[in-house]
Amino acid sequence: MSEKNFVYVGVNDRKIDLFEGMYDVPNGMAYNSYVVCGEKSAVMDTVDGRFVDEWLGNVGSALGGKEADYLVVQHMEPDHSAGIKAFAEKYPNAKIVGNVKTFAMLGEYFEGLDLEGRKVVVKEGDGLDLGGRTLRFVFAPMVHWPEVMFTFDESCGTLYSADGFGKFGAKGTDEDWACEARR
């Protein structure tokens, strides 16, 4: 596993022209996901369904052959969550971290997904100790959807914000950030 605090494992979609079939995205989309590295690992969110295989490859590379310990589900919108079932199958010992609303929604999205004994249900302010770093959960309902939560990495001050501070556009695109963020 990398010695960095976190490793970007998301993917770019440069072929998409409309996000959710309605929002013009001339510079594509980035589906952001990270592996947070402590003694244990936590993967932050997944990606759009068309990129799950590429994302799983990125996760595997970041983990350097080790098993994933946790998947933190901050948001159930499909561009963040489509890879949950594939992740759970690839890493059968990994725990899935979410809040009560997250797990209520999971059953509606993934028929036959059995997470018995693998759920870590968090509440506002709970922490997840990765060994050498703690992730703290901050609920942000209706920032976008009712189950949204942010994750704050106390050891380095990084906030993983689901869609809270997002924008349209693929990673590395040269465009006005503020305009796309407002949209």
So which heavy atom on [X] is nearest to which on [Y], and how close?
{"X": "Asn58", "Y": "Gly10", "result": "ND2-O, 3.3 Å"}
{"X": "Lys171", "Y": "Arg14", "result": "O-NH2, 3.0 Å"}
{"X": "Ser155", "Y": "Gly132", "result": "CB-O, 4.2 Å"}
{"X": "Ala94", "Y": "Ala68", "result": "CB-O, 3.4 Å"}
{"X": "Asp69", "Y": "Ser41", "result": "OD2-N, 2.9 Å"}

Just how far is it from atom [atom1] of [X] to atom [atom2] of [Y], taken to the nearest 0.5 Å?
{"X": "Gln74", "Y": "Ser81", "atom1": "CD", "atom2": "OG", "answer": "12.0 Å"}
{"X": "Glu154", "Y": "Asp129", "atom1": "CD", "atom2": "CG", "answer": "10.0 Å"}
{"X": "Lys90", "Y": "Leu71", "atom1": "NZ", "atom2": "CG", "answer": "13.5 Å"}
{"X": "Lys119", "Y": "Ile96", "atom1": "NZ", "atom2": "CD1", "answer": "10.5 Å"}
{"X": "Thr151", "Y": "Asp45", "atom1": "OG1", "atom2": "CG", "answer": "7.5 Å"}
{"X": "Lys85", "Y": "Leu106", "atom1": "NZ", "atom2": "CG", "answer": "11.5 Å"}

Short question: side chain of [X], backbone of [Y] - any donor-acceptor pair under 3.5 Å?
{"X": "Ser61", "Y": "Gly57", "result": "yes"}
{"X": "Arg136", "Y": "Gly125", "result": "yes"}
{"X": "Thr46", "Y": "Ala82", "result": "yes"}
{"X": "Glu67", "Y": "Asn93", "result": "no"}
{"X": "Lys101", "Y": "Val148", "result": "no"}

Worksheet entry | Steps toward salt bridge (charged side-chain N to carboxylate O under 4.0 Å, His left out) verdict (Arg133, Asp153) | CA-CA 7 Å; Arg133 67 186 329 113; Asp153 185 338; 2.8 Å; yes
Worksheet item: Are Leu130 and Val36 close enough, and set up right, to give a side chain to side chain contact (heavy atoms under 4.5 Å, CB included), and what steps lead you there?
Response: CA-CA 9 Å; Leu130 298 181; Val36 179; 3.9 Å; yes
Discussion item. Determine whether Leu113 and Ile84 satisfy the following criterion, side chain to side chain contact (heavy atoms under 4.5 Å, CB included), listing intermediate values before the conclusion.
Written reply: CA-CA 9 Å; Leu113 177 61; Ile84 293 172; 4.2 Å; yes
Quick one about [Y] and [X] (side-chain donor to acceptor, distance below 3.5 Å, no hydrogens or angles considered), yes or no?
{"X": "Asn99", "Y": "Thr102", "answer": "yes"}
{"X": "Trp55", "Y": "Ser33", "answer": "yes"}
{"X": "His80", "Y": "Asp163", "answer": "yes"}

Worksheet item: Step by step, would you call Phe150 with Tyr160 a ring-ring contact (aromatic ring centres under 6.0 Å, His included)?
Response: CA-CA 6 Å; Phe150 297 164; Tyr160 300 93; over 10 Å; no
Discussion item. Listing request: all ring-ring contact (aromatic ring centres under 6.0 Å, His included) pairs with a residue in residues 86-141, at least two apart in sequence or in separate chains.
Written reply: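 Applying ring-ring contact (aromatic ring centres under 6.0 Å, His included) to every pair that reaches into residues 86-141, excluding sequence neighbours, yields Phe87-Tyr91.
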Discussion item. Can you confirm if the NZ or CZ of Lys40 lies within 45° of the ring axis of Tyr70 and under 6.0 Å from the centre of its six-membered ring?
Written reply: no
Practice prompt. Just say parallel, tilted or perpendicular for the rings of His75 and Trp145, cut-offs at 30° and 60°.
Written response: perpendicular
Worksheet item: Do Val122 and Val97 have side-chain heavy atoms sitting under 4.5 Å apart?
Response: yes
Worksheet entry | Asn32 and Tyr8, any side-chain heavy atoms less than 4.5 Å apart |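 Side chain of Tyr8 against side chain of Asn32, heavy atoms only: contact under 4.5 Å found.
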Worksheet entry | Name of the residue among Met142, Glu77, Met76 meeting side-chain contact (heavy atoms from CB on, under 4.5 Å) with Glu147 | Met76
Worksheet item: What about Tyr23 and Phe165, same hydrophobic cluster or not, with Ile/Leu/Val/Met/Phe/Trp/Tyr joined at side-chain heavy-atom distances under 4.5 Å?
Response: yes
Fill in: Listed partners of Arg50 passing side chain to side chain contact (heavy atoms under 4.5 Å, CB included), at least two apart
Asp13, Ile16, Tyr31, Asp48
Item to complete: Mind running side chain to side chain contact (heavy atoms under 4.5 Å, CB included) on Met149 and Val72 for me, showing each step along the way?
Response: CA-CA 10 Å; Met149 65 182 189; Val72 177; 4.0 Å; yes
Discussion item. Please determine whether side chain to side chain contact (heavy atoms under 4.5 Å, CB included) holds for the pair Leu128 and Thr134, giving the CA-CA distance in whole Å, both sets of side-chain angles, and the decisive distance to 0.1 Å.
Written reply: CA-CA 5 Å; Leu128 179 66; Thr134 299; over 6 Å; no
